Amino acid sequence: MCVTAVESRPAGVLGASQSPVHRPFGARVKAFVALTKPRIIELLLITTVPVMFLAQQGVPDLKLVLLTCVGGYLSAGGANALNMYIDRDIDALMDRTSQRPLVTGMVSPRECLAFGITLAVVSTLLFGLAVNWLSAWLSLGALLFYVVVYTMILKRRTSQNIVWGGIAGCLPVLIGWSSVTNSMSWAPIILFLVMFFWTPPHYWPLSMKVREDYARVGIPMLPVVASNKVVAKQIVIYSWVMVAVSLLLTPLGYTGWFYTAVALLAGGFWLWEAHGLQNRAKAEVTGVKLKEMRLFHWSITYVSILFLAVAVDPFLR
């Protein structure tokens with residue numbers, strides 16, 4: 001499905017042509033920080049650091065943890081800034097993105113582009129020179145996949161955009177492992193797959209909530225092109241696969257009883273919420289009674305709990 005570009009329409013408090021002299025320094029600093037999408041990066045770091053504990057089978061070198069976190073933040077921040085540069089036309093038309101820095105004019109497109117490229121270069125060099133080059137290439141690969149494959153190619157063309165585009169958000173798991181071992185193993189690959197199958201049922205409930213926003217700008221997110229019943233069924237399928245994959249770590253010898261217990265309990269509650277959403281969708285419940293955001297919010301809690309268990313488990317074996 002091909003979607004044409006949307007003509008930009010400035011929105012927000014400031015105009016896109018706002019002169020730099022009218023942009024306070026403090027507000028400008030906050031705007032550049034906002035370009036990195038800190039709340040999203042926080043979730044990426046939650047999946048990076050615990051894997052370092054698993055790879056080390058204990059407490060990793062704290063300097064290495066700090067360098068990996070800084071490099072990860074800069075890399076993901078650069079990807080997010082470049083994403084905002086590319087999507088500034090549709091951001092201006094969507095309610096939930098109408099206050100982003102490029103839309104309000106707090107940051108110019110040229111500044112955003114330069115900022116994103118700079119973060120990409122600095123983060124790659126930081127990983128390569130201070131951590132290892134395997135982590136550097138994985139980090140750069142995640143950035144390019146998010147910017148080029150997801151934002152530029154998939155997002156406006158297919159309802160499967162978030163399925164395959166979500167691969168970029170799975171790579172921090174591999175980076176966390178490689179930063180400690182400078183190698184790969186089945187453990188990070190399994191956790192990579194957990195995040196891969198987690199991403200669609202995490203994002204589709206939010207897409208259901210803001211369906212009209214995406215429809216307005218022609219972004220074919222699955223909830224835009226399919227009914228709630230279809231979306232909920234897909235959510236349930238991905239959820240079952242995700243929970244099943246999360247349980248593979250223990251039989252392969254990477255985790256013990258603690259992680260297994262947490263994965264079962266957290267995964268069980270996830271499936272309860274996913275099936276609850278499907279039942280409401282089958283009953284053709286709409287509006288606030290659909291309660292699609294319950295699964296979205298739980299999905300963030302689930303990842304936090306699961307990866308905390310990944311970090312704690314080595315100390316209980």
Side-chain angles (χ1 to χ4, degrees), residues 1-7 37 40 43 83 86-87 89-98 145-170 192-246 267 269-303:
M1 178 177 181
C2 185
V3 179
T4 56
V6 180
E7 185 178 348
K37 301 182 183 178
I40 293 179
L43 186 61
N83 167 267
I86 296 167
D87 279 351
D89 58 338
I90 58 176
D91 282 349
L93 301 175
M94 296 176 65
D95 293 337
R96 73 184 190 91
T97 58
S98 63
F145 198 94
Y146 183 66
V147 173
V148 178
V149 178
Y150 172 66
T151 306
M152 297 179 68
I153 299 176
L154 297 176
K155 185 174 182 179
R156 307 191 190 203
R157 290 178 170 84
T158 172
S159 62
Q160 296 298 300
N161 47 23
I162 200 64
V163 175
W164 300 106
I167 288 176
C170 306
F192 171 96
L193 291 174
V194 170
M195 293 305 298
F196 176 80
F197 291 111
W198 170 88
T199 302
H202 157 71
Y203 200 80
W204 281 336
L206 175 63
S207 300
M208 293 169 76
K209 179 71 173 180
V210 296
R211 172 191 287 112
E212 292 182 2
D213 248 3
Y214 282 120
R216 184 185 307 125
V217 296
I219 300 298
M221 289 293 179
L222 184 61
V224 173
V225 300
S227 67
N228 285 343
K229 292 180 183 179
V230 172
V231 177
K233 180 179 179 180
Q234 290 295 309
I235 286 174
V236 167
I237 292 172
Y238 275 92
S239 297
W240 272 100
V241 177
M242 176 198 71
V243 173
V245 171
S246 73
F269 189 77
W270 176 298
L271 293 175
W272 174 270
E273 287 290 342
H275 279 279
L277 177 60
Q278 183 183 35
N279 290 335
R280 292 189 293 275
K282 284 182 177 179
E284 299 186 352
V285 173
T286 58
V288 295
K289 292 185 178 180
L290 184 59
K291 300 179 182 178
E292 68 277 351
M293 292 300 286
R294 280 179 51 170
L295 183 58
F296 172 77
H297 292 305
W298 168 247
S299 68
I300 298 172
T301 304
Y302 170 82
V303 163

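All values below were derived from every heavy atom in this structure, side-chain atoms included, with hydrogens, water molecules and symmetry-related copies excluded. Here the structure is a predicted model, which is why all the values come from computation and not from measurement.
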Please report the interatomic distance CZ(F197) to CD1(I237), rounded to the nearest 0.5 Å. 11.5 Å

In short, L295 meets P205 closest at the heavy-atom pair CD2-CG, 4.0 Å

Side chains of H202 and W298: donor-acceptor distance under 3.5 Å anywhere? no

Is there a donor-acceptor pair under 3.5 Å between the side chain of T151 and the backbone N or O of V148? no

Salt-bridge test for D87 and R156: reply yes if a basic N is under 4.0 Å from a carboxylate O, no otherwise. yes

To the nearest 0.5 Å, atom CD of Q278 lies from atom CG of L271 at 11.0 Å

Once you round to the nearest 0.5 Å, how far does CG of L222 lie from CD1 of I162? 11.0 Å

Treating D213 as the side-chain partner and D95 as the backbone partner, does any N or O pair qualify as donor plus acceptor under 3.5 Å? yes

Under 4.5 Å between any side-chain heavy atoms of I90 and T97, yes or no? no

Side-chain donor or acceptor of R211 paired with backbone N/O of S207 under 3.5 Å: no

Mind listing the closest non-hydrogen atom pair of S299 and W198 along with its distance? O-NE1, 3.1 Å

Kindly compute the distance separating CD (E292) from CD1 (I235), expressed to the nearest 0.5 Å. 9.0 Å

Main-chain N/O of T158 paired with N161 side-chain donor or acceptor, under 3.5 Å: yes

Before you tell me yes or no, could you show the steps for E273 and Y302 under side-chain contact (heavy atoms from CB on, under 4.5 Å), namely the whole-Å CA-CA distance, both residues' side-chain angles and the distance that decides it to 0.1 Å? CA-CA 12 Å; E273 287 290 342; Y302 170 82; over 6 Å; no

Heavy-atom side-chain contact between V224 and M221 under 4.5 Å: yes

Do M195 and V303 have side-chain heavy atoms sitting under 4.5 Å apart? yes

NZ/NE/NH1/NH2 to OD/OE distance under 4.0 Å, K229 and E284: yes

Taking every non-hydrogen atom, the tightest pair across M94 and R216: CA-NH1, 4.0 Å

Which pair of heavy atoms, one from D89 and one from L93, lies closest together, and at what distance? O-CG, 3.8 Å

Is the ring pair F196/W164 parallel, tilted or perpendicular, if the boundaries are 30 and 60 degrees? tilted

Less than 6.0 angstrom separating the ring centers of Y238 and W204, yes or no? yes

Under a plain distance cut-off of 3.5 Å, with no hydrogens placed, do N228 and K282 share a side-chain donor-acceptor pair? no

To check you understand the geometry: which heavy-atom pair defines the closest contact between P200 and V163, and what is its length? CG-CG2, 3.9 Å

Can you tell me how far apart CD (Q160) and CG (L154) are? Round to the nearest 0.5 Å. 10.0 Å

Under 4.5 Å between any side-chain heavy atoms of Y150 and I167, yes or no? no

Where do I219 and K155 come nearest, in terms of heavy atoms and distance? CG2-O, 3.5 Å

Rounded to the nearest 0.5 Å, what separation is found between the OG atom of S239 and the CG atom of L277? 9.0 Å

Side-chain contact test, heavy atoms from C-beta onward, threshold under 4.5 Å: evaluate it for K291 versus R280 and give yes or no. yes

